[in-house]
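Note that the coordinates shown come from a computational prediction; the quantities given were computed from them, not determined experimentally. The chains referred to below are lettered A, B, ... by the order of the sequence lines, with proteins before strands, and numbering in each begins at 1.
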2 protein chains.
Amino acid sequence: MIIMGEKYNKFSKYFVAIDCVIFGYVDDDLKLLLYHRGFEPAKGQWSLMGGFVGEEESSDTAARRILKNITGLDDIYLEQVQAFTNPDRDSEDRVISLTYFALIRIDKHKADKVKENGAHWWSLKALPNLVFDHKEMVDKALEKLQIKAGLELVGSELLPDQFTLLQLRKLYEAIFQKELDTGNFRKKVLSLKVLQRLDERNTTESRRGAYYFKFIDGAKDKSFERIVKI
Amino acid sequence: MIIMGEKYNKFSKYFVAIDCVIFGYVDDDLKLLLYHRGFEPAKGQWSLMGGFVGEEESSDTAARRILKNITGLDDIYLEQVQAFTNPDRDSEDRVISLTYFALIRIDKHKADKVKENGAHWWSLKALPNLVFDHKEMVDKALEKLQIKAGLELVGSELLPDQFTLLQLRKLYEAIFQKELDTGNFRKKVLSLKVLQRLDERNTTESRRGAYYFKFIDGAKDKSFERIVKI
DNA sequence: CCAAAAGTGTTTATAATACACCCATGG
DNA sequence: CCATGGGTGTATTATAAACACTTTTGG
């Protein structure tokens, strides 16, 4: 394979697709945006949102375009997960999939647009069967999300602008799929100095009422500490 | 992009290449196997080892095939790094690159085969200019290697079967590009219980002589602790 | 008044870090 | 006899983990 020759002509070309594992968080529950395929192959089954990489765009750009079409949002957190390349992973045509994961503020996205595309938010705890190798993509994406959330405070990408520490903890419990100690989580999170307490309180989720917090602008990422041990 | 139609015919296909960031370790130095391109585009410049994904193979298989051709080795540690997909990253032809990093036991590989392919081991500390986006690939690969080495003891993939703790520490210093405390490194590494001390000693690297160690078969990976804080 | 979450504090265990010190030996 | 790495021990600090307890308030 080292001597490749002057031109690439003798090699094959393949379709290059994008598949997006789209995470959202609502009702104390981590959710995935899936859609009901309206076309062959695998028509009628559930799959990740996807599309193909156009001639003039990078895969990152393609992923952003696809997400914008679905959610109406521009500023989405996006990270490459992995390429899935088994020769027989799709139908007869060979398709390489570049998988991304995205974090969506469900409170901001265009719900009507999502509906009209036959898409649906599924709880991560009870996913339907997925086509092809999409389940594997979800697993890898969750792994990546855990690594990210373990090293920096996610939340600005998934929660509303202001939130209580209960909501933040529930988000982390959903991501890591285990319970976290109230006091220790609180101490850890506040020690990062990336949250600002607001004067307003939330009284709907507890009798006593809890202060709202928000992320301090620009203060993020300076931490890079271990929030949750993987 | 959601309504894709029944067939994929209207979308474009691209070449799918593999680029391998091949790490080796010798003379207390982390090295990269690069080669001198003998063909256009970018003939005569240095680049990563690469090739194209064949019709009947996955990208993992393709990467293994390429590495086997270059080094003669079968059992190489391999990990996907990332896809590089800028539309203009290669020449006129659009080529998507799937980048892998590999860890090579330099003491085991076929040196003659490497030479004959115009390849050369370069110190990571003084790399030549690389073609296209290959420098970026190297940087990402090193990041991945640091994450891996930070969570489990690499070394079986890079060092000879038996090695001293000095050699292991030097390897870690090369990977993380910083000095590590002798005593603390020793304590940490031995606490993982994956190394076995041999009776033999190395007397070439110190006056007193240091015990050789080897990895205990199968004992790996049970640790998954933090060896070096990233 | 009680259940449920908010919020604070304390204790213990574990891990990271810095560094001192003796050992062995070839030159 | 000394420079160099081998190897061990210890003190200090930081972080993680477990958990007790007090506060607040709607039902």
Sequence neighbours excluded and cut-off under 3.5 Å, please list the side-chain donor-acceptor pairs for residues 137-144 of chain B, or say none.
unit_1	atom_1	unit_2	atom_2	d
B:Asp139	OD1	B:Lys135	NZ	3.0
B:Asp139	OD2	B:Lys135	NZ	3.3
B:Lys144	NZ	B:Gln80	O	3.4

Spacing between A:Phe185 atom CZ and D:dT15 atom P, to the nearest angstrom: 17 Å

A:Glu179 CD to D:dC19 C1', straight-line distance once rounded to whole Å: 15 Å

I need the OH-P distance between A:Tyr212 and C:dA5, as an integer number of Å. 16 Å

Distances for protein N or O near nucleotides 1-3 of chain D N or O, under 3.5 Å:
none

Would you say a side-chain N or O of B:Lys188 is under 4.0 Å from OP1 or OP2 of C:dA15? no

Using the rule ring-ring contact (aromatic ring centres under 6.0 Å, His included), only one of A:Phe132, A:Tyr35, A:Trp122, A:Trp121 pairs with A:Trp46; which is it? A:Trp122

Could I get a table of every N or O pair under 3.5 Å where one atom is in the protein and the other is in nucleotides 19-23 of chain C?
unit_1	atom_1	unit_2	atom_2	d
C:dC23	O2	B:Arg208	NH1	2.7

Can you name the residues that form a side-chain contact (heavy atoms from CB on, under 4.5 Å) with A:Tyr77, not counting sequence neighbours? A:Glu79, A:Phe101, A:Leu103, A:Lys148, A:Glu157

For B:Thr203 and for A:Leu190, find the nucleotide of DNA chain C with the closest heavy atom, then tell me which residue's nucleotide is more 5'. A:Leu190

Smallest heavy-atom separation, A:Phe215 atom then A:Val154 atom, equals CZ-O, 3.5 Å

For B:Ser123, give me all partners under side-chain contact (heavy atoms from CB on, under 4.5 Å), at least two apart in sequence or on another chain. B:Asp29, B:Lys31, B:Lys125

Looking at every non-hydrogen atom in both residues, tell me the closest pair between B:Tyr172 and B:Leu153 and how far apart they are. OH-CA, 3.3 Å

Within 45° cone of A:Tyr211 ring axis and under 6.0 Å: A:Arg197 NZ or CZ: yes

Tell me every residue that passes side-chain contact (heavy atoms from CB on, under 4.5 Å) with A:Arg186, counting only those two or more places apart in sequence or in another chain. A:Leu165, A:Leu190

What is the distance, rounded to the nearest whole Å, between atom CZ of A:Arg201 and atom P of C:dG7? 6 Å

